Amino acid sequence: MPSPPGGFEVPLWRALTVFRVASLVYVCALAVRDADRYDHPFAVAALILTMIFWTGATAVGYARPARRRWPLLLADLGVVIAIVLSTPWVVGREALGHGVPTLGVAWMAGPVLAWAVSGGRRRGTMAALLVAGADLATRERIGQSSFTGVILLLLAGVVVGHVARLAVAAEERLQHAVELEAATRERERLARDIHDSVLQVLALVQRRGAHLPGEAGELARLAGEQEAALRALIAGTAPAAADGADAVDLRSLLGRYASAAVSLSAPATPVTLPRQVAGELAAAAGAALDNVGRHAGGRAWVLIEDEGETVTVSIRDEGPGIPDGRLVEAAAQGRLGVARSIRGRVTDLGGTVRILSIPDAGTEIELTVPRTPR
């Protein structure tokens, strides 16, 4: 079942709420400890009440995906910066100079984390810089220790933003995988139904009427073409990879040769090969099918076998066969279709070519190549 939009981000938003509550408890503990050192303790109490209210408001607001937008994000950042900037007045410069922490402390990291979860590293870094700038503006002297909080805020924005983007990417990949699995199951169901009815009827029409003259023969030819098209459709052969991809599906390359006269049988799962290997193997198979069309003149059957470390493509026809010595004679006459277009391509890939031909019983050519060229 597909996950809801933003499902992988939900734990991050919940963790943010937990962080804000925990940091608020820490702020309250510090306020109780340092109450007698504040210049305006009642103002501090009012700001803490504001922080408590805003923590609850953001917990409710960020709980709903529709509200995780700019209005709430900007308001969150504005409230926190306002509280941070009020620190010198409510706490007092003298108290700050004697080591009393600022009012926001860890709680001011809340909007930084919210921006990072909602928009990634860049947005988290932007919020961290704004909050850190407000914090530095409250200090009379800026030293090495002053930048510790700045660095921590920046690290939080970058790391949490990166994790959030990874969660979004993982969710998109999962959604795509779920949709692909559902489509594959539906295609397999349709394939079973079509195979049991439509394909069998079309194949029967093509076989019975292939040698009939006139319109009957034309209808048989059309039935054969539609059978081939339907087989290619329900096979679910993935399209060839875009230029520059490391591997391609051999089924998609050989699927171009499927027709009323050429039947293609392939595994249900992709037969992936390096681009060069798949291209050369498909070209060799195409050359073999071209020979079938020119010399055998009948139907051809192509079988793809995925054997793990090797892949084998078999091309079989029911033509007159190849007489003994005919290939050697053709090579001597300069006709190198089999020698170069077929055997040469496969040999260059480190593979083997096996040709079995029986007079008046057809020819079978097996092209076997390793998964990686040698």
Side-chain angles (χ1 to χ4, degrees), residues 172-174 176-185 187-188 191 195 228-294 296 299-317 327 336-357 362-374:
E172 291 175 351
R173 288 194 293 269
L174 176 61
H176 177 71
V178 171
E179 292 175 354
L180 182 60
E181 181 183 5
T184 301
R185 290 180 177 177
R187 183 166 51 242
E188 291 176 352
H195 182 272
L230 269 178
R231 287 188 184 278
L233 179 63
I234 65 176
T237 303
D243 292 340
D246 294 333
V248 296
D249 188 352
L250 181 64
R251 301 178 306 167
S252 63
L253 297 181
L254 292 180
R256 302 169 184 171
Y257 299 110
S259 65
V262 178
S263 297
L264 174 65
S265 299
T269 55
V271 183
T272 54
L273 290 172
R275 173 171 292 277
Q276 177 193 4
V277 176
E280 290 296 295
L281 182 57
L289 289 172
D290 183 61
N291 285 338
V292 172
R294 287 190 287 116
R299 288 182 57 85
W301 292 264
V302 179
L303 173 64
I304 303 175
E305 297 176 276
D306 190 344
E307 299 165 332
E309 295 184 358
T310 61
V311 174
T312 299
V313 176
S314 304
I315 301 97
R316 181 173 61 86
D317 64 61
L327 295 179
L336 305 176
V338 173
R340 290 185 179 176
S341 297
I342 301 177
R343 198 183 298 276
R345 281 191 169 100
V346 175
T347 301
D348 288 345
L349 298 175
T352 58
V353 177
R354 176 176 171 270
I355 300 177
L356 176 63
S357 183
T363 301
E364 182 174 359
I365 301 177
E366 285 189 359
L367 314 176
T368 302
V369 298
R371 254 202 154 75
T372 55
R374 297 171 183 170

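Index from 1, following the sequence. Values reported hereafter were calculated over all heavy atoms of this structure, with side chains retained and with hydrogens, waters and symmetry mates removed. All figures in this text were calculated on a predicted structure; none of them were measured in a lab.
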Check your understanding: Just by distance, do the side chain of Asp306 and the backbone of Val311 share a donor-acceptor pair under 3.5 Å?
Key -> no
Revision key, fill the gap. Taken to the nearest 0.5 Å, the spacing of Leu367 CG from Thr310 OG1 works out to 12.5 Å
Point to revise | Whether over 12 other heavy atoms sit under 6.0 Å from Glu309 CD | key: no
Check your understanding: Which value, rounded to the nearest 0.5 Å, describes the distance between Leu349 atom CG and Gln276 atom CD?
Key -> 6.0 Å
**Study point:** Distance, nearest 0.5 Å, that separates CG of Leu289 from CG of Asp317
**Key:** 9.5 Å
Check your understanding: When you measure from the side chain of Arg371 to the backbone N and O of Val277, does any donor-acceptor pair fall under 3.5 Å?
Key -> no
Review point. Mind checking what makes side-chain hydrogen bond (donor to acceptor under 3.5 Å, both in side chains) contact with Thr368, not counting sequence neighbours?
Key: Thr312
Review point. How many angstroms lie between atom CD of Glu366 and atom CZ of Arg316, to the nearest 0.5 angstrom?
Key: 11.5 Å
Review point. Are Ile342 and Ile355 side-chain neighbours, meaning at least one heavy-atom pair lies under 4.5 Å?
Key: no
Exercise for review: Determine the minimum heavy-atom distance between Ala288 and Ile365, stating which atoms define it.
Suggested key: CB-CD1, 4.1 Å
Point to revise | Step-by-step side chain to side chain contact (heavy atoms under 4.5 Å, CB included) determination, Leu356 to Thr363 | key: CA-CA 6 Å; Leu356 176 63; Thr363 301; over 6 Å; no
Revision key, fill the gap. For Arg251 and Ala268 the tightest heavy-atom approach is NH1-O, 3.0 Å
Point to revise | Shortest non-hydrogen contact from Gly255 toward Leu264 | key: CA-CD2, 3.6 Å
Practice item. Would you check if the side chain of Arg275 reaches a backbone N or O of Val248 as a donor-acceptor pair within less than 3.5 Å? Key: no
Exercise for review: Provide the closest heavy-atom pair for Arg345 versus Ala284 in the form atom of the first, atom of the second, distance.
Suggested key: CD-N, 3.9 Å
Revision key, fill the gap. Value for CG (Leu253) from CD1 (Ile304), rounded to nearest 0.5 Å, stands at 9.0 Å
Check your understanding: Taking atom CG of Leu250 and atom CG of Leu281, what is their separation to the nearest 0.5 Å?
Key -> 5.5 Å
